[in-house]
S.K.: 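Below is the structure I would like to discuss, written out as structure tokens.
As the structure is a prediction and not an experimental result, all values here were calculated from the model. Just the heavy atoms: all of them, side chains too, but no hydrogens, waters or symmetry mates, feed the values below. Index from 1, following the sequence.
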Amino acid sequence: MTSLRPARRVRRHGPEADPAVLRTDDVLDALARREPAPDGGDAAVRLLRALTEDVDQRLSSVSITPST
């Protein structure tokens, strides 16, 4: 039986690493940390950043009070 490992652990990060995968990792890591993501003019990255900001804004405005 093989053990499952997160994809990040099996990716190569040496000279043989795919640069596109490494850039994608950088973007996803930045978004996960809620930091500015390097978009390089990529519309998909701008959309992900906007969605992340929207979710953060909605979460901060949610009231946790019981209804009566």
S.K.: With distance as the sole test, does Arg46 use its side chain to make a donor-acceptor pair with the main-chain N or O of Gly41 at under 3.5 Å?
M.R.: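 Yes, because the side chain of Arg46 sits within donor-acceptor range (under 3.5 Å) of the backbone of Gly41.
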
S.K.: For a quick test of reading the model, state the closest non-hydrogen atom pair linking Leu22 to Ala17 and the distance between them.
M.R.: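 Answer, listing the atom of Leu22 first, then Ala17: CD1-CB, 3.7 Å.
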
S.K.: Where do Ala37 and Ala30 come nearest, in terms of heavy atoms and distance?
M.R.: CA-CB, 3.9 Å

S.K.: Quick one: pull up CG in Leu31 and OG1 in Thr52 and give me the separation to the nearest 0.5 Å.
M.R.: 4.5 Å

S.K.: Nearest 0.5 Å, what's the CZ-CG distance between Arg49 and Asp42?
M.R.: 10.0 Å

